[in-house]
Undergrad: 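First the structure, which I've put down as structure tokens, then a few questions once you've had a look.
What you are looking at is a predicted structure, and each value in this text was computed from that prediction instead of being measured. Both ligands and their constituent atoms are indexed starting at 1 by order of listing. In this chain, numbering begins with 1 at the start of the sequence shown.
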Amino acid sequence: MKKPLTATVSWVGKVDWQLERFHGDEYSTHKGSTYNSYVIEEGKTVLVDTVWKPFAKEFVDNLESEGLLAKLDAVIAQHAEIDHSGSLPELLKRRPDLPVYCTANGVKSLKGHYHQDWDFRVVKTGDEFDLGNGKKLVFVEAPMLHWPDSMFSYMTGDAILFSNDAFGQHLATEKLFNDLVDQDELFVECIKYYANILTPFSAQVKAKIEQVLALKLPLSMIATSHGVIWRDNPAQIVMKYMEWSQNYQEDRVTILYDTMWEGTRSLAEAMARGISDASPSTTVVAHCLSKFDKNDALTDVFRSKAILLGSPTINKGILTAMSGTLEELKGLRFKGKKAAAFGCYGWSGESVPILTESLKSSGFQLVDDGFKAMWNPDDATMQSAYEYGKAFAGKLAGG
Ligand code: FEO
């Protein structure tokens with residue numbers, strides 16, 4: 001139901017406590033999510049974004065029971081992905097006269113999803129919507145944050161930036177604001193969101209933030225489309241995004257592997273010990289991909305200066321949990337990270353060259369040709385894996 005941000009701006013979104021997977025099955029949401037929609041009640045009454053389709057009736061019924069549905073003068077569709085546009089068909093069925101403000105790419109995306117000729121009003125960067133009472137919404141196109149159609153809307157007077165996906169996080173909470181939630185939990189979800197969704201668009205993120213900062217606009221709140229609203233020091237998440245958008249890395253090494261009979265697992269653990277012994281300040285994590293959450297693993301890759309990928313050879317190839325991860329690593333286009341591969345094999349031994357080639361084509365800097373172990377590692381091989389880990393750490397220290 002309606003929750004106030006200011007005297008004239010309210011949240012009218014949906015808290016989705018039950019959500020466990022997002023983007024189909026691609027993104028784990030351990031903490032659920034929210035679909036944030038806002039209503040501005042000035043001289044004009046304007047809705048900013050809607051909520052995901054399964055909640056469309058509930059959403060529009062709520063607008064009606066709050067006396068807002070009949071009052072609306074316009075809807076701003078900042079992004080056509082269905083978690084934000086999914087209630088437009090229900091809304092516009094009940095208010096077919098309502099104009100829909102969006103970017104030119106927004107029209108394409110919305111028509112592509114819903115095949116409707118709504119009353120689209122195309123806006124571009126710098127265009128304004130007069131809210132009355134001396135206030136206005138200023139639109140800023142934000143392509144690839146997160147789709148080509150995305151845009152921000154800045155409300156003058158109240159100094160609220162409606163940022164849609166940017167600066168959001170998948171966190172279900174009844175507490176509306178960033179200062180009211182557990183800070184560790186909040187930033188875990190923020191960095192996971194950036195790592196898994198925005199990494200490929202880091203150049204656009206940096207450029208857009210620089211463009212908006214150059215305007216030197218006052219900023220009281222950033223009202224995102226997922227999770228909390230940033231009202232306490234909203235610049236903090238902007239600065240985090242600047243940091244994350246510039247080939248972010250910590251003193252961390254992530255080992256991702258899968259294993260059939262524990263041989264490749266043994267190598268991973270020996271290498272982790274070797275890295276840690278050679279470089280005690282470095283945090284090493286090792287995750288078995290068939291058991292560990294894929295998106296949390298990718299967040300660890302995002303935070304790392306280097307990664308090791310391990311798989312045994314099967315059918316002249318690699319294990320399937322690793323294949324999916326290679327696809328993710330290719331798509332996310334991490335930059336400035338070093339890498340190598342390892343794995344056990346019985347006779348043909350293709351896994352390490354396959355992993356090495358994939359790392360190379362995904363933009364990782366290979367430190368060597370990797371580490372192969374025939375059959376199950378014996379004591380000597382385990383010692384070699386440990387030494388390999390130590391040497392790997394040494395190569396990272398070399399810059
Ligand atoms: Fe939350 Fe790109 O949609």
Undergrad: Applying ring pair (Phe, Tyr, Trp, His ring centres under 6.0 Å) as the test, list every pair that has at least one member in residues 90-109; sequence neighbours left out.
TA: Tyr101-Phe129
Undergrad: Closer than 4.0 angstrom, basic N to acidic O: yes or no for Asp251 and Lys305?
TA: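 Result for this pair is yes, salt bridge flagged.
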Undergrad: Using the test side-chain contact (heavy atoms from CB on, under 4.5 Å), find all partners of Val51 that sit at least two apart in sequence or belong to another chain.
TA: Lys14, Tyr35, Ser37, Phe55, Phe59, Ser87
Undergrad: Listing by chain and number, what protein N/O/S atoms are under 2.8 Å from atom 1 (Fe) of ligand 1?
TA: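 Metal shell, protein only: Asp83 OD2, His84 NE2, Asp165 OD1, His226 NE2.
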Undergrad: Measure from NZ or CZ of Arg273 to the centre of the six-membered ring of Tyr386, then state whether that distance is under 6.0 Å and the direction lies within 45° of the axis.
TA: no
Undergrad: Working to the nearest 0.5 Å, report the span between NZ of Lys337 and CG of Leu396.
TA: 12.0 Å
Undergrad: Hydrophobic clusters join Ile, Leu, Val, Met, Phe, Trp and Tyr when side-chain heavy atoms are under 4.5 Å apart, directly or via other members; which others share one with Tyr345?
TA: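 ILVMFWY cluster around Tyr345 also holds Trp347, Met374, Trp375.
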